[in-house]
Amino acid sequence: MDKNLTSAEELKTIRKIMEESSRFLSLSGLSGIFAGTFAIAGALIAYFLILDNGNIQYNEYLKDLSGKEILILRWHLITDALSVLVLSVLLSFYFSIRKAKRTGRRVWTPVSKRLLINLFIPLVTGGLFVIVLLIRNHDLLVIPCLLLFYGLSLVNAGKFTYGEVFYLGILEIMTGLISAFFPGQVIFFWIFGFGILHIVYGLFMYRKYEA
Amino acid sequence: MKDLISSLNKVFESRVRLGIMSVLMANDSYDFNSLKETLNVTDGNLASHLKALEERNLIKVNKKFIGRKPNTSYSATENGIQLFQQHLKALEDLIKLQ
């Protein structure tokens, strides 16, 4: 009887060590909630301020605006998107470090290094490809590409953290593929993919693992 | 019952050795310092258990240099993986008997 109890405990410990040593468990759901909020804020800024309440249609503006205006418009949109990215990444680092400290885990481990490498290879590839799209004036494919490559990054990184990240990645990929068929509505796919999906994922993860 | 107990490998009786094998089952390789921090043990303690596992051909050692700093990492051998799986199986069977 006593032996059985220790066997169960031993197995439990083994499983825990295997999981803790091979998955980065300090990702916080709060990162998702904030990233989603920033993405929606960024989209609203783009729609109401930069694109003049939606009066500037992305597929038509090329005819109506002068070359200089187009250039300014593009830079505003790029700055807007990059601000969302930088803020989201910084906050996710902050929340991960905070969660690691609270749970007594370390942040810099062989697993977190593997997680970052696997996340950033598709992500940086996507970023570079988007720069090519911008240079070649395929602006309407930028948001579908961002969603697609971000989704692929998450699928790739999902092996080294919570399994839910993998499924978030699949949803981002699907959103990206569908958005490519609707060039006029990419901003709404941005709001759905980077905003709503992140917030739903974040709330789910926070309630499941942290609350 | 006697058979079951005998298939519980004596090598894995130590908690540290069990911990080392668990980490190396879940990862292709792991370096000394990360093992130390993951298992929360002292240098000397970890080194002696690693030595014991290496001598029994359960793990293998890969020494390399990162810049000028030596970096030692460990991985489980085929034999080690097999024996550890047997050990896990024996534990599970014991629980089922309850």
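Small disclaimer: the values here were computed from a predicted structure and weren't measured. Just so it is clear: chains get the letters A, B, ... in the order the sequence lines come, proteins before strands, and each one is counted from 1.
Within 6.0 Å of CG on N71(B) lie more than 12 heavy atoms contributed by other residues, nucleotides or ligands. Crowding of Y209(A) atom OH: a count of heavy atoms from other residues, nucleotides or ligands under 6.0 Å exceeding 12. The neighbour count for F34(A) CZ, taken as heavy atoms of other residues, nucleotides or ligands under 6.0 Å away, does not exceed 12.
Rounding to the nearest 0.5 angstrom, the gap separating the CD1 atom in I14(A) from the CG atom in L18(B) is 4.0 Å. Taken to the nearest 0.5 Å, the CD atom of E10(A) stands 9.0 Å off from the CD1 atom of I95(B). Here the CG-CD distance, from L91(B) to E9(A), works out to 12.0 Å after rounding to the nearest 0.5 Å.
With sequence neighbours left out, the salt bridge (Lys or Arg N to Asp or Glu O under 4.0 Å) criterion links R15(B) to no other residue.
Contacts of R105(A) with chain B are absent, with no heavy-atom separation under 4.5 Å from either backbone or side chain. In this structure, the portion of D31(B) lying under 4.5 Å from any heavy atom of chain A is its side chain and not its backbone. In this structure, chain A has no heavy atom under 4.5 Å from any part of L35(B).
Taking every heavy atom of both residues into account, S7(A) and L94(B) meet most closely at OG-CD1, 3.5 Å. Nearest heavy atoms, A26(B) versus M18(A): CB-O, 3.4 Å. Nearest heavy atoms, Y30(B) versus S21(A): OH-O, 3.0 Å.
Within the 4.5 Å cutoff, side-chain heavy atoms of L11(A) are placed close to those of E92(B). In this structure, the side chains of T38(B) and T109(A) stay at 4.5 Å or more apart for every pair of heavy atoms.
Contact count against chain B (heavy-atom pairs under 4.5 Å) is highest for R114(A) among R114(A), R15(A), E19(A), K16(A).
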